[in-house]
Every structure is written in C-alpha cells, then in structure tokens.
Amino acid sequence: TRKYKQWREAIFKRDDWTCKMCGANGKYDGKKVILNAHHSPFPFRLLVRTSFEKYIFDIRNGITLCLKCHKRIHSKNK
C-alpha cells in the first residue's frame with residue numbers, strides 16, 4: 001500500500017539506508033544490497049487486528065535490515 005511504502009521509505013531515510021545489524025549500506029555502488037524495513041520491537045503479527053494496529057506504520061516500530069539479516073531474524077523466531 002501507499003502507506004506501507006511511505007513508512008518503509010521513512011525507516012530507510014532515518015537509518016541512512018544502512019542495515020542495523022551488519023552495517024551494509026544500500027546507497028553505495030558495487031555490490032547490490034537489498035534492504036527491508038522490519039517491524040521491531042513489535043512484530044507486525046502482534047499488531048494487526050488489535051487496538052495497537054495504529055502502530056504498524058509508526059517509524060519508531062521499524063528498523064532497516066539487509067535481506068540476509070532480515071531472513072536471519074525470521075529464522076530465529078520460528
């Protein structure tokens with residue numbers, strides 16, 4: 001959605017397009033770094049369809065992660 005894209009863009013800008021786990025930066029030329037906006041500290045699944053749903057698009061509930069680190073976080077949570 002447009003709202004999600006705006007939230008994601010705001011997270012990336014705030015974090016200077018840099019993964020908060022490994023420091024990979026998505027702005028540099030050379031090796032392509034795919035960045036994801038990750039809901040943290042409160043996961044999306046805990047917010048949706050609750051009275052806390054308004055925090056889904058709160059930039060305080062998001063961090064920038066590269067694809068590799070994002071996958072690593074989700075594999076730990078299983």
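- The heavy-atom pair separating Thr18 from Gly23 by the smallest distance is CG2-O, 3.5 Å.
- A heavy-atom distance below 4.5 Å is not found between the side chains of Asn25 and Val33.
- In this structure, the side-chain contact (heavy atoms from CB on, under 4.5 Å) partners of Asp15, at least two apart in sequence or on a different chain, are Ile11, Lys20, Ile63, Thr64.
- Through direct or relayed side-chain contacts under 4.5 Å between Ile, Leu, Val, Met, Phe, Trp and Tyr, Leu67 connects to Ile34.
- Applying the salt bridge (Lys or Arg N to Asp or Glu O under 4.0 Å) test to residues at least two apart or on different chains, none of the pairs has a partner in residues 1-11.
- For the atom pair CG (Leu65) and NZ (Lys71), the distance works out to 13.0 Å, reported to the nearest 0.5 Å.
- Note that SG of Cys22 and CZ of Arg72 are 7.5 Å apart. Values are rounded to the nearest 0.5 Å.
- Ile59 contributes atom CD1, which lies 13.0 Å from atom CZ of Phe12 (distance to the nearest 0.5 angstrom).
- Using cut-offs of 30° and 60° on the angle between ring planes, the pair Trp7 and His39 is parallel.
- Rounding to the nearest 0.5 Å gives a distance of 14.5 Å between CH2 of Trp17 and SG of Cys66.
- With a 4.5 Å cut-off on side-chain heavy atoms, Met21 and Lys68 do not count as touching.
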